[in-house]
Amino acid sequence: MKAIVVTDQAAGTAGMKLVERPQPQAAINDVVVQIHASGFVPTELAWPSTWTDRRDRDRTPSIPGHELAGVITALGYGTTGLSVGQRVFGLADWHRDGTLAEYVAMEARNLAPLPGDVDFTVGASLPISGLTAWQGLFQHGRLQAGQSVLAHGAAGAVGSMVTQLARASGAYVIGTGRAADRQKVLDFGAKEFVDLEKDALEDIGGVDLVFDVIGGDIQKRSAGLIRAGGTLVTIVGPAEARPADGLAIDFVVESDRAQLSEIVQRVRDGRLRTNIGSISALDDAVATFNATERRAGKTVIRVRP
Ligand SMILES: NC(=O)c1ccc[n+]([C@@H]2O[C@H](COP(=O)([O-])OP(=O)(O)OC[C@H]3O[C@@H](n4cnc5c(N)ncnc54)[C@H](OP(=O)(O)O)[C@@H]3O)[C@@H](O)[C@H]2O)c1
């Protein structure tokens with residue numbers, strides 16, 4: 001099969017290569033999926049799991065990419081709940097070969113059925129951004145209707161999902177980003193926009209929940225805006241700041257079939273919009289990941305035309 005591999009962490013996306021690899025085999029409770037579309041988060045080349053297995057042993061050349069939509073072609077021993085020929089989408093294991101390839105072997109429990117009227121490119125754009133937003137807002141942030149949310153990077157992949165899901169649950173959303181993102185963020189449902197390069201973040205007053213996708217100084221200043229009993233949720237590593245009278249939570253997204261199904265249902269009935277910035281073929285993916293212009297939204301790779 002065709003696959004994109006990485007061997008050298010220092011080389012970043014410039015070190016990606018399109019090569020031929022053997023097709024993966026399904027282990028216990030696995031499925032093999034013929035991938036139709038794949039999602040890639042550029043920062044994953046900085047994650048240790050891209051380079052090593054769970055015992056910290058080198059696993060290069062490794063195939064990056066963890067989001068996919070495709071069709072099941074084989075079941076491993078003992079696999080139940082999904083069947084050959086079924087359309088699926090989901091989140092592939094961090095420590096195994098990923099989805100920038102024509103096939104992936106992965107645990108069946110990390111997939112959900114993809115309804116026939118949802119395009120594979122849309123399915124591949126949802127797992128990481130949708131699940132991260134869902135889990136950060138509702139599981140870790142315990143968001144309630146009527147609360148206020150500061151959604152950083154609200155024109156980005158995760159931030160646009162945070163903005164929409166928070167708004168739909170009855171929260172007041174303040175989105176942030178760069179000047180050019182203002183209209184996009186308001187269109188996703190934010191009531192206010194803060195240009196992080198020009199506006200004073202402190203002018204927004206207090207909020208109940210900060211959803212941080214940026215870290216550093218912006219995270220620290222945001223923690224100071226959290227009301228008593230509120231929460232800082234961050235997804236960019238261990239929390240560096242803590243609200244004076246509240247919780248700080250960092251987490252890594254996990255797959256969840258019920259949540260994936262809820263997210264895709266909302267996309268089908270128009271309550272949630274995906275945020276695809278560009279779609280490229282697998283043959284052009286390395287060039288796309290190395291493009292220098294600013295990309296807004298997710299880059300999706302169409303693996304099968
Ligand atoms: N822990 C987890 O489970 C988890 C899950 C998903 C993602 N993540 C991490 O979360 C981060 C965001 O992921 P994503 O896929 O949403 O990325 P993304 O699509 O690039 O979105 C980030 C957004 O924030 C904006 N932004 C970043 N720094 C900014 C600054 N200083 N001022 C103004 N705007 C700024 C970006 O604008 P520009 O493009 O112009 O910089 C972009 O619009 C990444 O680091 C990713 O690795 C973690």
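These numbers were taken from a predicted model, which means no experiment stands behind them. As the structure lists them, so they are numbered: ligands from 1, and atoms in each ligand from 1.
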Checklist entry - Does D250 approach ligand 1 within less than 4.0 angstrom via side chain, backbone, both or neither, non-hydrogen atoms only? => result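 Under 4.0 Å from ligand 1, D250 contributes no heavy atoms.
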Check your understanding: Can you tell which part of V158 has a heavy atom less than 4.0 Å from ligand 1: side chain, backbone, both or neither?
Key ->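 Answer for V158: both.
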Where the closest heavy atom to [atom] is concerned, which of [options] has it?
| atom | options | value |
| --- | --- | --- |
| atom 43 (O) of ligand 1 | G237, G136, G156, A46 | G156 |
| atom 29 (C) of ligand 1 | E197, H66, K184, R178 | R178 |
| atom 28 (N) of ligand 1 | I214, V233, I235 | I214 |

What about [X]: any of its N or O atoms under 3.5 Å from an N or O on ligand 1?
| X | value |
| --- | --- |
| I128 | no |
| G177 | no |
| V253 | yes |

Between R21 and D97, does any NZ, NE, NH1 or NH2 come within less than 4.0 Å of an OD or OE carboxylate oxygen? yes
Specify whether F289 and F40 have parallel, tilted or perpendicular ring planes, treating 30° as the upper limit for parallel and 60° as the lower limit for perpendicular. tilted
[X] [atom1]: over 12 foreign heavy atoms closer than 6.0 Å:
| X | atom1 | result |
| --- | --- | --- |
| R54 | CZ | no |
| R109 | CZ | no |
| R271 | CZ | yes |

Which atoms of ligand 1 sit under 4.0 Å from any heavy atom of [X]?
| X | value |
| --- | --- |
| A157 | 15 (O), 16 (O), 18 (P), 19 (O), 21 (O) |
| V236 | 10 (O), 11 (C), 45 (O) |
| L196 | 32 (N), 33 (C) |
| I218 | 31 (N) |
| T132 | 5 (C), 6 (C) |

- Message: Please tell me if atom 45 (O) of ligand 1 is touched by the protein, where touching means a protein heavy-atom distance below 4.0 Å.
- Response: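 Flag for atom 45 (O) of ligand 1 set to true, protein heavy atom closer than 4.0 Å.
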As a test of the contact definition, would atom 10 (O) of ligand 1 count as having a protein heavy-atom neighbour under 4.0 Å? yes
Any donor-acceptor pair under 3.5 Å from [X] side chain to [Y] backbone:
| X | Y | answer |
| --- | --- | --- |
| Q135 | E254 | yes |
| T176 | L196 | no |
| W51 | L45 | yes |
| N275 | A155 | yes |
| D250 | A239 | yes |

Of all the non-hydrogen atoms in the protein, which one sits nearest to [atom], and at what distance?
| atom | result |
| --- | --- |
| atom 37 (O) of ligand 1 | R294 NH2, 3.2 Å |
| atom 47 (O) of ligand 1 | T43 OG1, 2.4 Å |
| atom 23 (C) of ligand 1 | G153 CA, 3.7 Å |

For H140, the ring-ring contact (aromatic ring centres under 6.0 Å, His included) test, sequence neighbours excluded, returns F251
